[in-house]
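Have a look at the structure below before the remarks.
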Amino acid sequence: MNDLLQLSSLSTAKIQHILDVAELCRQGQFVDSEKGKLVANLFFEPSTRTQYSFNTAEEKLGMKVINFNAQASSMQKGETFYDTVKTFESFGLDALVIRDREDEYYKQLLGRVQIPILNAGDGKKDHPTQSLLDLLTIRQEFGRFEGLKIAIVGDVKYSRVAHTNIEVMQRLGMQCVISGPEEYRDPQYDYINFDQAVQEMDILMLLRVQHERHEQAMSLSRQEYHEKYGLSAERVKRMKDHAIIMHPAPFNRGVEIADEVVECAKSRIFKQINNGVFVRMAVLKWAMEGR
Amino acid sequence: MNDLLQLSSLSTAKIQHILDVAELCRQGQFVDSEKGKLVANLFFEPSTRTQYSFNTAEEKLGMKVINFNAQASSMQKGETFYDTVKTFESFGLDALVIRDREDEYYKQLLGRVQIPILNAGDGKKDHPTQSLLDLLTIRQEFGRFEGLKIAIVGDVKYSRVAHTNIEVMQRLGMQCVISGPEEYRDPQYDYINFDQAVQEMDILMLLRVQHERHEQAMSLSRQEYHEKYGLSAERVKRMKDHAIIMHPAPFNRGVEIADEVVECAKSRIFKQINNGVFVRMAVLKWAMEGR
Amino acid sequence: MNDLLQLSSLSTAKIQHILDVAELCRQGQFVDSEKGKLVANLFFEPSTRTQYSFNTAEEKLGMKVINFNAQASSMQKGETFYDTVKTFESFGLDALVIRDREDEYYKQLLGRVQIPILNAGDGKKDHPTQSLLDLLTIRQEFGRFEGLKIAIVGDVKYSRVAHTNIEVMQRLGMQCVISGPEEYRDPQYDYINFDQAVQEMDILMLLRVQHERHEQAMSLSRQEYHEKYGLSAERVKRMKDHAIIMHPAPFNRGVEIADEVVECAKSRIFKQINNGVFVRMAVLKWAMEGR
């Protein structure tokens, strides 16, 4: 059974294979190739991109889709996360896509749920399909990973995207550094001054300040954040010619990214979103193998 | 690319053509004719009829449907309307159905979103598919538009239905007047006394008092409104033999319409709802042309 | 037209037939057998099992499914239950699945809605598909109903599951008794001491304390409830060899059932949930007959 819980448990060969399948999906292959398979999307945390691009991927594959709405469910009567997941397993579905607030929520399911689980984000820990779509975008752009320099800028400490990405990117031969306010740094990663990063990196990956994961308010105002760590049009001019801008979104226009930079020539933000559908098609196909 | 933003930009010939296609849909044609096309319903304002009749129309056409739930989306993390719409475009969908609180929300999307947008209602401005279903209902009833007399009664000032309808109905040769409380009148339209309208019109189109769009409370009580401008069974008796009652719904029983009038012989209210599915099939087919 | 409103209006022969069809569904028959039929799920009360197992059943049958979200509907503008249901009928659907807070909500629809209604639970009164899945589970286990002894334990007074089950189980020849706190007893049913029930019954059916249906707080603490009426691992040891544990779920672990008992060898709780999909396929097929 093929679960996708953490990217760190997939070999780089397997990851490259998933990206290859995603490319074929982008070229229009595999439409309706999983016809009749049943999948449920269980999002216990708000989501737009991940939730609806999984939904789109499932529809493109021809799957039958059940979309759970926690707000109108028996969780309102006190039902737990585990019992809710177990209920969906009992329906006889072929896979579950799950996002939850809790780090490593899947540990309580291991050995107890007998259908594939695709992790759509767990707390501050992992977000494997986000990393896969980031990798696909980078591979499309540069044709390789080896030697590329990326700075991940901003709320690294609370970001599952950052943690998942740095682990896999280093394995693929990329050089990863972090930047941004001291309060959001994670001491296990190398730090770079933001303006130096702007000039030297192949990829600037900006992160949103995730107020909903913090216990304390940010010490900087939005304006101060933007001045110190925001990617302004002026800073974009100082980036290398071939360098690109990425962001997992949602973004705060005027905070970590200037309004006019979101759709500028160097931005791959909406390209990333587009790739999200294809990598999710690829991981769904992989999860369905042998079913 | 065929957007449907305002009915005022469609010629009467095009409108008649859409109504013709809608009639064919009503006769059972075009089921599964848009198989494999992907569409998302983005409702940023509550809706029953418009939302779920679009959903029904899409299912009848065999489309793959993504239903967005704003309450469990990244809008909870501050993501904007524009970025949400742009995200769904980036998924590679074939069309977006959008309702929003803001008048002319689509202006910020023009030239920036490259897939068809079907306007399912924008603020107090337009509601093109509602007008199309009203027109289909009238054409079925009378076989023509030219010379028909309609009074639109009630909260005209804040009603996108009224504005869209009066513009297109006048173009089609109908005589449109308004009635109802002074506070909701729009001075650009001709006014008629309500009891005179009851006796003289071919069509009485009642509107709901839309408390959610008003800054101030209505000066009349529900009871007073009903006495002065409500369609009671007694008033129905004074309508012309062939005259009909319409209402875009939801309606307030006992305010603008008496409980027993909702399903009376002259009422076309549920017929309108039924026609809503067919006109939405027709506009979806039109939006898909050339894709 | 085949409505499913109360199980009490179905003959035992018809019930056995529905269970036969459900068994065939479990064996993989009837997938996509209702292709093209349109159904809407209207849940006006939170639900996980019933709502999503209906949804799964509909998808397995190949139906086109409309899922209503009351929280983002015109009910927010004051639209009534009746008018909402009537709206969905007007879309031209083939069936409606409805749950509502009100006992016998369907009485106001009788003769006024012309498409099949499948009752997914009405207030404290009925829950026919829950009883059908309970019956299917019992029949799979014991091969018969005649003579089996069941105790329904807990919040009987406010439980639609209890009322529906006792009526049909007695008709099928089962011996039904109730147990649990005095405040939740229904005097029309025979009472048994809980520890006696544990030792003598073929089936122990536990119920959740439904705080949301009570006007007053329970007089027992959770701990007290568990000591007096909770099924602990120790009590399970005193059950008959062949006896089984059932629960309609959601359950309160540590109140009416001990955590470790939920998935123990005697528990059929997740089996019941699995059977829920098959009985719902069967009743949907029955509702579609002749359409």
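Note that this is a predicted model, so its numbers are computed, not measured.
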inquiry  = Atom NZ of residue position K271(C) - does it have more than 12 heavy atoms of other residues, nucleotides or ligands inside 6.0 Å?
reply    = yes
query = Rounded to the nearest 0.5 Å, what separation is found between the CD atom of E79(A) and the CZ atom of R208(C)?
reply = 9.0 Å
task = Could you grab the distance from atom NZ of K60(C) to atom CZ of F91(A), nearest 0.5 Å is fine?
result = 11.5 Å
inquiry  = For the NZ atom of K77(A) and the OG atom of S47(C), what is their distance to the nearest 0.5 Å?
reply    = 6.0 Å
note = Okay, F88(A) and chain C: the region with an atom under 4.5 Å from a heavy atom over there is side chain
task = Answer yes or no: are there more than 12 heavy-atom neighbours, outside K266(C) itself, under 6.0 Å from its atom NZ?
result = yes
message = Given heavy-atom pairs under 4.5 angstrom as the criterion, report whether the side chain, backbone, both or neither of R99(C) touches chain A.
response = side chain
task = Check whether any side-chain heavy atom of D32(C) lies under 4.5 Å from a side-chain heavy atom of K64(A), and answer yes or no.
result = yes
message = So for E263(C), is it side chain, backbone, both, or neither that comes closer than 4.5 Å to the heavy atoms of chain A?
response = side chain
key: Under 4.5 Å from a heavy atom of chain A, the part of F270(C) involved   = both
request  = Start with the C-alpha distance between Y82(A) and R253(C), add both sets of side-chain angles, then the distance that settles side chain to side chain contact (heavy atoms under 4.5 Å, CB included), and finish with yes or no.
outcome  = CA-CA 11 Å; Y82(A) 174 81; R253(C) 290 171 182 262; 3.5 Å; yes
key: Region of Q71(A) that comes under 4.5 Å of a non-hydrogen atom in chain C   = both
task = Taking T48(C) for its side chain and S74(A) for its backbone only, find out whether a donor-acceptor pair lies under 3.5 Å.
result = yes
ask   = What part of Q51(C) gets closer than 4.5 Å to chain A, counting heavy atoms only: side chain, backbone, both or neither?
value = side chain
inquiry  = Could you report the tightest heavy-atom contact between N69(A) and Y52(C), atom names first, then the distance?
reply    = N-OH, 2.8 Å
Atom pair CG (D83(A)) and CZ (R49(C)), whose distance is rounded to the nearest 0.5 Å = 8.0 Å
key: N67(C) vs N67(A), side chain to side chain contact (heavy atoms under 4.5 Å, CB included): CA-CA, chis, key distance, verdict   = CA-CA 9 Å; N67(C) 287 306; N67(A) 287 306; over 6 Å; no
remark   = Heavy-atom closest pair (N274(C) atom, G92(A) atom, distance to 0.1 Å) is ND2-N, 4.2 Å
